[in-house]
Trainee: 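The structure that follows is given in the form of structure tokens.
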Amino acid sequence: HQKHFKDCLREKLSLWTESTTLGDLFLAQMPLLEHYGPYLCGYEAAAAALHYLTQNHLPTKLLVERFEAQQYATNKLDLPSFLVMPVQRLPRYVILLKDLFKYTNPDHPDRKLVAAALEGLEATVSSLNRAIDPARADAMKQRIAVAEKIAGEGAVDIVRGERLLVKEGPVKQVLKVSARTGKAKPRCKGWCFLFDSLLVICAVNGKHDRNEKPYTLLRSIPVAEMDV
């Protein structure tokens with residue numbers, strides 16, 4: 001739709017007269033602005049997940065570095081700066097229309113069109129903002145906080161999805177599989193994180209453990225596969 005808007009704008013500019021209007025172009029774009037909704041709703045949670053994964057998941061880190069190497073050769077934007085652009089775009093449209101309204105003569109035919117476009121855009125922005133659920137971003141940040149406490153492959157999987165943390169706490173005894181014998185041995189100190197769709201079982205790291213994180217992942221069990 002951006003290309004269509006630019007083409008229409010170029011056409012108007014090429015045929016410019018004192019009575020040419022621009023507000024009608026913005027009014028025609030209003031229905032398309034609703035498509036920003038899903039992106040805005042998921043942006044904060046996605047940005048938090050991206051930050052975590054680039055620090056803790058090598059494939060994601062390499063993918064981001066490859067993308068940014070290409071970007072630096074063109075517009076010099078890193079990935080977070082690139083992803084925030086749609087979030088910033090609608091407020092910039094509001095500022096643009098306010099300036100256009102301010103400098104349009106009261107008796108010009110474009111005055112009412114620009115006013116209608118500005119009113120519609122502000123209503124759309126307000127509606128989109130109301131649709132953003134802060135709990136979604138909070139849940140992502142909570143999953144990241146849990147994952148950052150856990151050492152071991154598979155911890156990054158906690159961040160994925162839309163799962164919610166229900167409860168966490170110690171367990172009296174968990175089993176640890178010996179790497180040498182393959183047999184399960186009792187381990188007294190354990191900690192579990194129960195999500196609505198996943199149970200994460202960890203061993204509690206001791207004071208003399210080399211790992212700085214307080215827990216080591218032992219096993220993750222989907223709740224759907226559990227017999228309760």
Side-chain angles (χ1 to χ4, degrees), residues 1-10 22-104 113-148 156-165 195:
H1 71 277
Q2 289 182 349
K3 184 180 183 302
H4 177 70
F5 180 84
K6 288 180 180 179
D7 290 342
C8 292
L9 181 59
R10 288 194 187 100
L22 296 177
D24 53 318
L25 289 182
F26 288 96
L27 284 170
Q29 297 295 311
M30 288 300 148
L32 299 175
L33 297 182
E34 293 290 343
H35 294 304
Y36 280 89
Y39 189 92
L40 296 178
C41 289
Y43 169 74
E44 189 175 351
L50 176 65
H51 177 75
Y52 170 79
L53 290 172
T54 52
Q55 301 294 321
N56 297 275
H57 188 239
L58 183 58
T60 301
K61 179 182 179 181
L62 294 175
L63 182 63
V64 171
E65 288 177 349
R66 190 164 124 195
F67 171 84
E68 292 182 343
Q70 295 175 341
Q71 288 297 111
Y72 291 149
T74 54
N75 55 24
K76 311 295 184 184
L77 291 177
D78 59 15
L79 184 55
S81 299
F82 188 81
L83 294 177
V84 79
M85 289 176 67
V87 179
Q88 297 171 335
R89 185 161 293 155
L90 292 184
R92 288 177 178 172
Y93 287 165
V94 172
I95 294 172
L96 173 64
L97 283 175
K98 284 183 176 180
D99 285 343
L100 188 59
F101 180 80
K102 179 180 178 181
Y103 294 107
T104 302
L113 294 174
V114 173
L118 177 58
E119 182 181 355
L121 179 58
E122 288 179 329
T124 298
V125 171
S126 178
S127 174
L128 292 175
N129 286 336
R130 287 195 302 270
I132 296 175
D133 183 8
R136 186 176 182 182
D138 291 342
M140 172 59 75
K141 292 174 183 177
Q142 191 177 51
R143 292 195 296 275
I144 290 173
V146 171
E148 287 179 335
V156 294
D157 293 333
I158 296 170
V159 175
R160 299 189 177 103
E162 296 287 337
R163 59 180 62 95
L164 298 174
L165 181 65
F195 294 87

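Keep in mind that this is a model prediction, so the values were computed, not measured.
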Trainee: Atom OG1 in T60, atom CD in E65: separation rounded to 0.5 Å?
Mentor: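 Taking OG1 in T60 and CD in E65, the distance rounds to 11.0 Å.
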
Trainee: Is there a donor-acceptor pair closer than 3.5 Å between any side-chain N or O of Y39 and the backbone N or O of L83?
Mentor: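 Answer holds: yes.
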
Trainee: Looking only at heavy atoms, what is the nearest atom pair of K141 and A48, with distance?
Mentor: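 Shortest heavy-atom separation between K141 and A48 comes out as CG-CB, 4.5 Å.
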
Trainee: Keeping R143 on the side-chain end and G161 on the backbone end, is there a donor-acceptor pair under 3.5 Å?
Mentor: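 Confirmed, R143 side chain pairs with G161 backbone.
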
Trainee: Is there a donor-acceptor contact under 3.5 Å from the side chain of K76 to the main chain of Y72?
Mentor: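 Checked: pair present.
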
Trainee: What's the separation between atom OG1 in T74 and atom CD in Q70, rounded to the nearest 0.5 Å?
Mentor: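 It comes to 8.5 Å.
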
Trainee: Between L40 and L90, is any pair of side-chain heavy atoms under 4.5 Å apart?
Mentor: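 Sidechains of L90 and L40: in contact.
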
Trainee: Can you confirm whether D78 sits close enough to Q71 that some side-chain heavy atom of one is under 4.5 Å from a side-chain heavy atom of the other?
Mentor: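 Counting from C-beta outward, D78 and Q71 never come under 4.5 Å.
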
Trainee: For A131 and C41, which heavy atoms make the closest approach, and how far apart are they?
Mentor: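 Shortest heavy-atom contact: O-SG, 3.6 Å.
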
Trainee: Looking at every non-hydrogen atom in both residues, tell me the closest pair between F101 and A115 and how far apart they are.
Mentor: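 Heavy-atom minimum between the residues: CE1-CB, 3.7 Å.
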
Trainee: So, taking the atom named CG in L22 and the one named CG in L27, what distance separates them when rounded to the nearest 0.5 Å?
Mentor: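 So the CG of L22 and the CG of L27 are separated by 11.0 Å.
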
Trainee: I'd like to know if the side chain of T54 reaches the main chain of L50, judged simply by a donor and an acceptor atom lying under 3.5 Å from each other, with no hydrogens or angles considered.
Mentor: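 Checked: pair present.
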
Trainee: Just wondering, more than 12 heavy atoms not from E44 lying within 6.0 Å of its CD?
Mentor: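 Atom CD in E44 is not crowded, with 12 or fewer foreign heavy atoms closer than 6.0 Å.
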
Trainee: Just so I know, are the side chains of Y36 and T124 near enough to count as touching, which here means a heavy-atom distance under 4.5 Å?
Mentor: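 SC-SC contact between Y36 and T124 ruled out.
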
Trainee: Under a 4.5 Å cut-off applied to non-hydrogen side-chain atoms, are L33 and M30 in contact?
Mentor: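 Sidechains of M30 and L33: in contact.
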
Trainee: Looking only at heavy atoms, what is the nearest atom pair of A49 and I144, with distance?
Mentor: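 Smallest heavy-atom distance, with atoms named: N-CD1, 3.9 Å.
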
Trainee: Which is it for L77 and M85 under the side-chain contact (heavy atoms from CB on, under 4.5 Å) test, yes or no, and what are the steps along the way?
Mentor: CA-CA 10 Å; L77 291 177; M85 289 176 67; 3.6 Å; yes

Trainee: Less than 3.5 Å apart, any donor N or O on the side chain of D138 or Q142 sitting next to an acceptor on the other?
Mentor: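 No, no side-chain donor-acceptor pair sits under 3.5 Å.
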
Trainee: What are the two closest heavy atoms between A117 and G23, and how far apart are they?
Mentor: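 That would be CB-O, 4.0 Å.
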
Trainee: Within this structure, what is the CZ-CG distance for the pair R89 and L96, rounded to the nearest 0.5 Å?
Mentor: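 If we round to the nearest 0.5 Å, R89:CZ and L96:CG are 12.5 Å apart.
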
Trainee: Can you find a pair of side-chain heavy atoms, one from L118 and one from F26, that are under 4.5 Å apart?
Mentor: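 Sidechains of F26 and L118: no contact.
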
Trainee: Can a donor-acceptor pair be found, under 3.5 Å and without considering hydrogens, that links the side chain of E68 to the backbone of L79?
Mentor: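 Checked: pair present.
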
Trainee: Between D7 and R10, is there a side-chain N and carboxylate O pair less than 4.0 Å apart?
Mentor: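 Yes, this pair counts.
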
Trainee: Which atom pair, heavy atoms only, marks the closest approach of R160 to R163?
Mentor: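 Where R160 meets R163 most closely, the heavy atoms are O-NH1, 2.8 Å.
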
Trainee: State whether the number of non-hydrogen atoms from other residues, nucleotides or ligands found under 6.0 Å of E34 atom CD is greater than 12.
Mentor: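 Correct, the count exceeds 12.
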
Trainee: For a 4.5 angstrom cut-off between non-hydrogen side-chain atoms, does L58 reach L62?
Mentor: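 Sidechains of L62 and L58: in contact.
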
Trainee: Does S126 reach the main-chain N or O of E122 with its side chain, forming a donor-acceptor pair under 3.5 Å?
Mentor: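 No, because the side chain of S126 does not come within donor-acceptor range (under 3.5 Å) of the backbone of E122.
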
